[in-house]
Amino acid sequence: MFKKILIANRGEIALRIVRTCKEMGIKTVAVYSTADRESLHVRFADEAVCIGPPSSAESYLSIPKIMAAVEITNADAVHPGYGFLAENADFAEVCAEYGIKFIGPSPSMIRRMGDKITAKETMIAAGVPVIPGSEGALTSVDQALELAKGIGYPVILKATAGGGGKGMRVVWEPSELEANFDMAQQEAKASFANDILYMEKYIEEPRHIEIQIAGDQDGKVCHLSERDCSIQRRHQKLIEESPSPFMTKALRKKMGEAAIKAGEAIKYEGVGTVEFLVDKHRNFYFMEMNTRIQVEHTVTEEVIDFDLIKEQIKIAAGIPISGKNYEPTMHAIECRINAEDIWNDFRPNPGLIKSFHSAKGHGVRVDTHVYAGYTVSPYYDSMIAKLICRAQTREECITKMERALDEFIIEGVKTTVPFHKLVMKNEKFRKGDFHTGFLNDFDYKAEMNEKDK
Ligand code: MV4
């Protein structure tokens, strides 16, 4: 087992990793920028190294600075968390060159799944259902028009280096294709320095359901059930839950088997997520694979009572997985508490947290690096806490979440707490009747009483 893990991240996930390492008897090294001196991940780690100024490029994204911190602290492994360098194949490669274990899959695996056309080709070869579309890259507008005729409108143009919605355009009719092709190409070039596009049939009103998998160094792969992440705003997830209210036993079996097939075909090592789009007929299609631990891993942990960070570390140390698949026996929902002004387009609202009374009680989990007196920096992601509730049924879980949101008092910065209260009251949400377009149709401003504003 590793003796000392350096955590190349910040915020709640860095603290989350410190906690598991402590429970496993592994020493921890935190790295931090000057903006994060007062963060709890720094306080609770065994050692901490300042790696630079607030800008991510000069701190959490700087491979030389992270490697220097590894060297001076003698860490034998690096946990990348999510975001920052978590899916950076070059970083995983540098770790390997230095003889440091990168807790995650190999550089080639990260690269393979990071390129969406290659990922899709890999899944087709593995027999995993994918969305009908172009075979590989689009070569011209004329070719795209020909292909779209065969696929049938609407179609969607996606960037092979994309993910998370950038460089993506829906095309409803042939006359709109050329302009959208140019825009998608330009956006992709500017965002990823790669303008290669591919095309798919556009699935209307889909659900985003993802399967958590784990694979070990012997090539054994298991699934740990699904998460429903359909409640998103501009490709930022806001609420996740497990099980999905749309799931059936039969669909879980089929999607679980597909996700395992995907993992086995690539000999996936580590924990990962296979993202699917699910249409209203419960047809499911591979969308992307994430080769990192995700923000929403907590809902899975709650419903199957399992520490996914511990599993990551064990797999990286060469310990085989049990191979058992997991079914949720409870229900969990996560609300992301962001320092954002929901009345102003969810604009980040950094600043001093004057008071912070966390929700508590049975079935309530709060993962956070902040506290009263903490200053939320404008330099990073605005998520300041994850509120996760767990109960026997979905209905009880929503009731518990409403109770927990009511007692979660944060003063000094505006947060998404009032927004979550409105979603919990929404009839469609309560019935589990939603898809990825839910927030486009949800007029939360109209639903809020004057006095609550
Ligand atoms: C799609 C789609 C419909 N049809 N692909 C959004 C981000 C990127 N991961 C892929 N996305 C989508 N791909 C086809 N063929 C709809 C979306 C999509 C979406 C997906 C998941 C969660 C929220 C979403 C919001 C808008 C669009």
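Counting starts at 1 for both ligands and their atoms, following the listed order. Worth saying up front: this structure is predicted, and the values here are computed from it rather than measured.
- Between Phe246 and His435, the ring centre distance reaches or exceeds 6.0 Å.
- Here the closest non-hydrogen pair linking Lys445 and Ile342 is CE-O, 4.0 Å.
- Under the ring-ring contact (aromatic ring centres under 6.0 Å, His included) test applied with Tyr202, the options Trp172, Tyr153, Tyr285 reduce to a single match, Trp172.
- You'll find the ring centres of Phe408 and Phe356 inside the 6.0 Å limit.
- By the 6.0 Å and 45° rule, Lys324 stacks over the aromatic ring of Tyr326.
- Minimum interatomic distance between Arg207 and Ser244 (heavy atoms only, all atoms of both residues): NH1-OG, 4.2 Å.
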Which N/O atoms of ligand 1 sit under 3.5 Å from a protein N/O, and at what distances?
| from | atom 1 | to | atom 2 | distance (Å) |
| --- | --- | --- | --- | --- |
| ligand 1 | 4 (N) | Ile203 | N | 2.9 |
| ligand 1 | 5 (N) | Lys158 | NZ | 2.9 |
| ligand 1 | 9 (N) | Glu288 | OE2 | 2.9 |
| ligand 1 | 13 (N) | Lys158 | NZ | 3.1 |
| ligand 1 | 15 (N) | Glu200 | OE1 | 3.0 |
| ligand 1 | 15 (N) | Lys201 | O | 2.7 |

